[in-house]
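Accompanying notes for the structure given below.
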Amino acid sequence: MTLRTSIATVCLSGTLTDKLSACAEAGFDGVEIFEPDLVGSPASPEEITALARRLQLSLDLYQPFRDAEGVSEDQFPTVLRRARLKFRLMQRLGIDTMLVCSNVATATVDDDAVSASQLRRLGEEAEAYGVRLAFEALAWGRFVDDYRRAWRIAELADHPSVGVCLDSFHILSRGHDPAEIEQIPGDKIFFLQLADAPALRMDVLSWSRHHRLFPGEGSFDLARFVGHVLSTGYQGPMSLEVFNDTFRQTEVLRTAQQARRSLTWLEDLVARLPLQAPRPDVPVRLPDVGPPDAFDFIEVKAEDAGEVDTMLRQLGFAFRGHHRSKPVRLWTQGRARVVCNEQQAREWAPTLAAVGFQVADPDASAGRAHLLAAPAVFRRTHSNEQNLAAFRAPDGTEVFLADIADDAGWVPEFEGGEEPADDSLLTGVDHVNLAHPWQSFDEAVLFYSSVLSLQSGSSQDVAAPTGLVHSQVVRSRDGKVRLALNLAPLAFEHPHGFPQHVAFSSSDAMAAARAARSRGLRPLPIPGNYYDDLVARFDLPTWQVVEMQELGVLYDRDDEGGDFTHFYTETIGSVFFEVVQRRGGYDGYGAANAAVRLAAQHLRRQ
Ligand code: MG
Ligand code: MG
């Protein structure tokens with residue numbers, strides 16, 4: 001059997017009927033009906049059921065039923081009355097499982113036996129309506145806030161209609177060990193809800209209500225979590241329950257597709273876990289491709305890329321010629337290749353439009369992207385040109401897949417250029433920094449980690465004069481491919497968009513800065529105050545700091561003595577370049593200097 005997929009309607013924007021249509025179109029098998037979505041809908045329960053049937057969606061769960069147990073006995077009849085009306089409603093909807101969350105507001109009795117007895121009586125009532133109760137420990141429950149206690153209570157209730165709901169957020173946010181899930185019989189786990197989340201330090205209720213994410217977008221180990229659940233023999237759906245301020249606003253179908261992608265990615269990870277039997281046979285769904293081995297090329301698209309040509313020349317790039325059939329030029333240095341594309345670029349200011357990656361098996365990588373519903377990009381190619389598979393990332397960046405075994409690849413399509421010099425100071429692409437609007441940032445983290453098999457690395461908030469810039473690195477483990485995904489400040493407005501950049505690696509950044517200066521490059525001006533501070537932070541020789549200041553070079557050092565020497569160019573359109581030199585295992589991106597860079601860029605825009 002395969003696992004069924006489901007999603008709570010609270011994850012999405014729009015009306016209940018909008019949500020159901022989007023969930024079906026995105027390929028979900030079922031949904032959880034979030035009560036406020038139903039209460040606010042003009043559609044009757046029967047109409048909702050009919051719509052779901054037409055859409056071939058099962059209605060898997062009705063949620064939530066609150067404040068059910070741990071109450072005084074004189075309050076309990078009120079709970080029963082409320083429950084009966086909801087059971088009747090569930091019959092009209094044809095839903096057989098209700099989420100009962102642990103009491104937050106009305107609990108006065110901290111006693112497992114009392115909660116169990118009340119759940120048992122609710123279960124007896126529910127059984128008459130063909131309903132099962134999935135008891136869930138909320139992380140902020142008044143007394144029951146741990147799934148192990150919720151299971152003890154359900155076990156004590158000892159009724160076939162009473163089981164538990166496991167929700168990854170409530171368990172992992174509290175740091176509770178998910179391994180003990182394996183002690184629960186699989187047929188007593190009535191429902192499984194999944195959410196990822198960023199590692200935050202804040203009260204757990206606000207964290208849950210605003211910051212849940214789809215699997216792959218945060219930092220929970222959900223594959224291991226699901227593995228424990230499947231080890232019990234659980235056969236219900238994997239259902240997403242994600243409360244998130246952004247997803248409540250974004251376009252409903254696109255968010256549903258993002259959600260579905262997150263489950264495909266997660267199912268594939270789970271299928272690869274070395275799990276003990278019994279468990280459902282999860283098929284390995286995605287071609288097993290590692291992360292890209294290298295950047296293949298970077299494309300700058302512009303109506304007139306002349307200024308970019310000049311800057312690349314100043315950075316020591318060799319002009320490798322014009323494309324034989326398109327208004328496209330190629331520049332290379334070391335392993336770095338930059339393509340300036342003026343095709344179909346009317347009124348485009350220079351923009352980072354595409355990133356090519358070298359992968360071991362382009363067909364397998366393209367197959368993986370396709371199964372993850374990455375939208376394909378088609379570019380017209382001639383018969384004598386390489387036709388690389390390409391996909392559109394959430395921010396519109398085009399992602400190309402090239403064969404690492406064919407390193408020359410498409411380069412011979414460029415003619416009339418010069419041979420590259422042997423003594424180039426730039427050796428390749430260290431990282432690419434892509435800016436994202438608020439709508440697509442989390443989606444982009446999932447896109448690159450799932451489609452390209454990259455891993456989430458460090459994240460930080462950098463202060464710019466226009467707002468905080470949140471930055472999340474996704475990278476290959478070996479560091480050969482690194483992308484910094486930046487969340488542009490919400491109010492940032494500029495006709496060319498938030499600047500993005502390519503950082504070239506160098507064997508000697510100071511020499512590269514000197515050589516670029518001699519070819520006429522004007523680096524991004526860095527204020528003198530920065531260099532005074534640099535002298536205070538690091539014990540650098542004065543002559544060295546003086547030369548850094550002359551060349552606009554910045555510097556950082558890590559705790560292990562590794563260091564980072566780098567400089568930035570001015571911005572053209574929305575594109576600028578950086579040259580970086582890593583020494584001694586330095587693995588960061590000069591975070592302390594990024595704020596200085598953002599301030600300098602802000603001044604240049606004024
Ligand atoms: Mg839940
Ligand atoms: Mg950088």
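Index from 1, following the sequence. Each ligand, and each atom within it, is numbered from 1 in the order the structure gives.
Between OE2 of Glu136 and OD2 of Asp167, the angle at the Mg ion (ligand 1) works out to 90°, rounded to 10 degrees.
When ring centroids are compared, His470 and Phe441 come within the 6.0 Å threshold.
Salt-bridge check for Asp288 with Arg368: failed, with every basic side-chain N at 4.0 Å or more from each acidic carboxylate O.
Sorting the N, O or S atoms of Glu241 by how far they are from the Mg ion (ligand 1) puts OE1 first.
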Pair Ser440, Asp395 - check side chain to side chain donor-acceptor pair (under 3.5 Å), show working. CA-CA 6 Å; Ser440 66; Asp395 68 331; over 6 Å; no
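Gln193 lies close to the Mg ion (ligand 1), since one of its N, O or S atoms is found at a distance under 2.8 Å.
Both tests hold for Arg82 against Phe65: distance to the six-membered ring centre under 6.0 Å, angle to the ring axis within 45°.
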